[in-house]
Amino acid sequence: MKIKKAEIKDLNIVVKMKMNMFTEVGSIVLLQDNAEEKIYSKYKKLYQEEKLCHYLLYEDDNVIACGGAIIKEDVPFCFFKTPMYGYIMDVYCVPEKRRNGYASGIMERLISWLQDKGIHNIKLKPSATGREMYEKFGFGDSGEMELWL
């Protein structure tokens, strides 16, 4: 097992893992046409700006897990003393390799990357299967609510 920080040349793998995640959680139907190309393009731009990173976990030469972190600067956070926050996303492990601590290893690196960028607040939207792991890292319910229209 080896964890490696993804580079732009690895974005095809990152996007593939993200699409697998969307498929598994049933969100694939929410995506725009040509979503893979749009994700790739957006991620490439954010990598170049150093506002996004992913870590990939390899077993032999196969990627079996990934996770990403992005730095966001939206309202109202852009008015705070620390005008940005981190957002954990794209955490995914192939089903047959889950419960081996792989996602936790990636989370440690993502949190460290965000801390190195000066981030003091990290958000995420957990899946039902991931909630327990995130709670072990100290994530709690923020009380945020949402409405889908």
Side-chain angles (χ1 to χ4, degrees), residues 1-74 77 84-148:
M1 174 191 85
K2 162 178 89 169
I3 298 178
K4 178 186 137 200
K5 186 176 178 192
E7 300 174 25
I8 289 174
K9 67 182 177 73
D10 301 311
L11 280 176
N12 285 330
I13 297 167
V14 169
V15 173
K16 179 181 178 252
M17 296 292 279
K18 183 179 188 79
M19 297 306 288
N20 290 345
M21 179 189 65
F22 277 137
T23 300
E24 187 176 315
V25 299
S27 297
I28 199 86
V29 298
L30 301 174
L31 299 180
Q32 300 174 11
D33 292 338
N34 304 318
E36 289 183 57
E37 293 87 7
K38 291 175 181 178
I39 293 166
Y40 181 94
S41 177
K42 182 68 169 181
Y43 279 14
K44 182 177 179 183
K45 180 179 184 287
L46 291 167
Y47 268 48
Q48 291 167 334
E49 295 171 355
E50 297 185 22
K51 291 184 178 180
L52 174 65
C53 86
H54 285 84
Y55 283 89
L56 302 172
L57 188 139
Y58 291 82
E59 191 175 78
D60 300 318
D61 290 329
N62 300 314
V63 175
I64 60 168
C66 73
I70 187 169
I71 297 171
K72 294 188 161 202
E73 303 175 42
D74 54 7
F77 296 90
M84 66 265 192
Y85 64 97
Y87 194 87
I88 302 287
M89 57 190 212
D90 302 341
V91 178
Y92 180 76
C93 183
V94 297
E96 62 273 14
K97 298 292 183 173
R98 291 182 183 156
R99 303 293 223 193
N100 287 306
Y102 298 153
S104 293
I106 289 172
M107 281 295 297
E108 289 170 358
R109 286 161 178 84
L110 293 172
I111 291 169
S112 178
W113 182 81
L114 287 166
Q115 286 177 315
D116 290 347
K117 294 286 188 178
I119 298 298
H120 300 291
N121 180 262
I122 303 172
K123 299 173 176 274
L124 56 79
K125 185 167 183 163
S127 66
T129 57
R131 182 174 290 278
E132 182 181 333
M133 177 194 61
Y134 298 125
E135 288 173 346
K136 287 179 183 175
F137 277 95
F139 285 87
D141 189 339
S142 68
E144 201 169 89
M145 298 172 75
E146 93 179 351
L147 170 66
W148 281 79

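Along the sequence shown, residues carry numbers from 1. Owing to the predicted nature of the structure, the values given are computational and were not obtained by experimental measurement.
- Summarising the geometry of Lys123 relative to Glu144, their closest heavy-atom pair is NZ-OE2, 3.7 Å, with the distance given to 0.1 Å.
- Atom CG of Leu114 and atom OH of Tyr87 lie 12.5 Å apart (nearest 0.5 Å).
- Distance check: Glu135 CD to Asp141 CG gives 9.0 Å after rounding to the nearest 0.5 Å.
- Of all the heavy atoms in Cys53 and Lys5, the pair that sits closest is CB-CE, 3.8 Å.
- Rounding to the nearest 0.5 Å places CG of Leu11 at 10.0 Å from OG of Ser41.
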message: One pair to check against side-chain contact (heavy atoms from CB on, under 4.5 Å): Ile71 and Leu52. What are the steps and the verdict?
response: CA-CA 6 Å; Ile71 297 171; Leu52 174 65; over 6 Å; no
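- Ionic pairing of Asp10 and Lys4 is present here: one or more N-O contacts between side-chain nitrogen and carboxylate oxygen are shorter than 4.0 angstrom.
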field: CA sep, side-chain torsions, deciding dist, call: Val14, Tyr40, side-chain contact (heavy atoms from CB on, under 4.5 Å)
entry: CA-CA 9 Å; Val14 169; Tyr40 181 94; over 6 Å; no
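- Looking at every heavy atom in both residues, Ile88 comes nearest to Leu124 through O-CB, 3.6 Å.
- Minimum interatomic distance between Gly118 and Met84 (heavy atoms only, all atoms of both residues): O-CE, 4.5 Å.
- With hydrogens and angles disregarded, no donor-acceptor distance shorter than 3.5 Å links the side chain of Asn100 to the backbone of Tyr102.
- What you find for Leu110 and Ala69 is that their closest heavy atoms are CD2-N, 3.8 Å.
- One distance of note links CD1 of Ile28 with CG of Asn20; it measures 8.5 Å at 0.5 Å rounding.
- Counting only heavy atoms from C-beta outward, the side chains of Phe139 and Pro126 never approach each other to under 4.5 Å.
- Put simply, the side chain of Ser127 gets close to the backbone of Gly130: a donor and an acceptor are under 3.5 Å apart.
- In plain terms, the two heavy atoms of Val63 and Met17 that are nearest each other are CG1-CE, 4.2 Å.
- Stacking of Lys2 on the aromatic ring of Tyr58 is recorded, both the 6.0 Å distance cut-off and the 45° axial limit being met.
- Under the side-chain hydrogen bond (donor to acceptor under 3.5 Å, both in side chains) criterion, the residue pairs touching residues 88-97 are Lys18-Asp90, Glu24-Tyr92, Tyr43-Asp90, His54-Asp90, Glu59-Lys97, with sequence neighbours excluded.
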message: As a quick check of understanding, evaluate side-chain contact (heavy atoms from CB on, under 4.5 Å) for Val15 and Lys38, giving each step before the final call.
response: CA-CA 10 Å; Val15 173; Lys38 291 175 181 178; over 6 Å; no
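- Formation of a donor-acceptor pair under 3.5 Å by the Arg109 side chain with backbone atoms of Tyr55 is not found in this model.
- A 4.5 Å side-chain heavy-atom check between Glu73 and Phe77 finds every atom pair outside the cut-off.
- Side-chain contact check for Phe22 versus Leu31: some heavy-atom pair is nearer than 4.5 Å.
- Of the inter-residue distances, the one linking Asn121 atom CG with Ser142 atom OG reads 9.0 Å to the nearest 0.5 angstrom.
- Rounded to the nearest 0.5 angstrom, Ile64 CD1 and Leu56 CG are separated by 11.0 Å.
- For the pair Trp113/Glu108, no side-chain contact is recorded, criterion being any heavy-atom separation below 4.5 Å from C-beta on.
- Between Lys16 and Glu36, no side-chain nitrogen of the basic residue sits less than 4.0 Å from a carboxylate oxygen of the acidic one, so the salt-bridge criterion is not met.
- Proximity of a side-chain donor or acceptor of Thr23 to a complementary backbone N or O of Met19 within less than 3.5 Å is detected.
- Between Glu50 and Lys117, the closest side-chain pair of non-hydrogen atoms falls below 4.5 Å.
- The existence of a salt bridge linking Lys125 and Glu146 is confirmed by a sub-4.0 Å separation between a basic side-chain nitrogen and an acidic carboxylate oxygen.
- In Glu49, the CD atom is crowded: over 12 heavy atoms of neighbouring residues, nucleotides or ligands sit closer than 6.0 Å.
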field: Residues Met107, Tyr134; criterion side-chain contact (heavy atoms from CB on, under 4.5 Å); working and verdict
entry: CA-CA 9 Å; Met107 281 295 297; Tyr134 298 125; 3.7 Å; yes
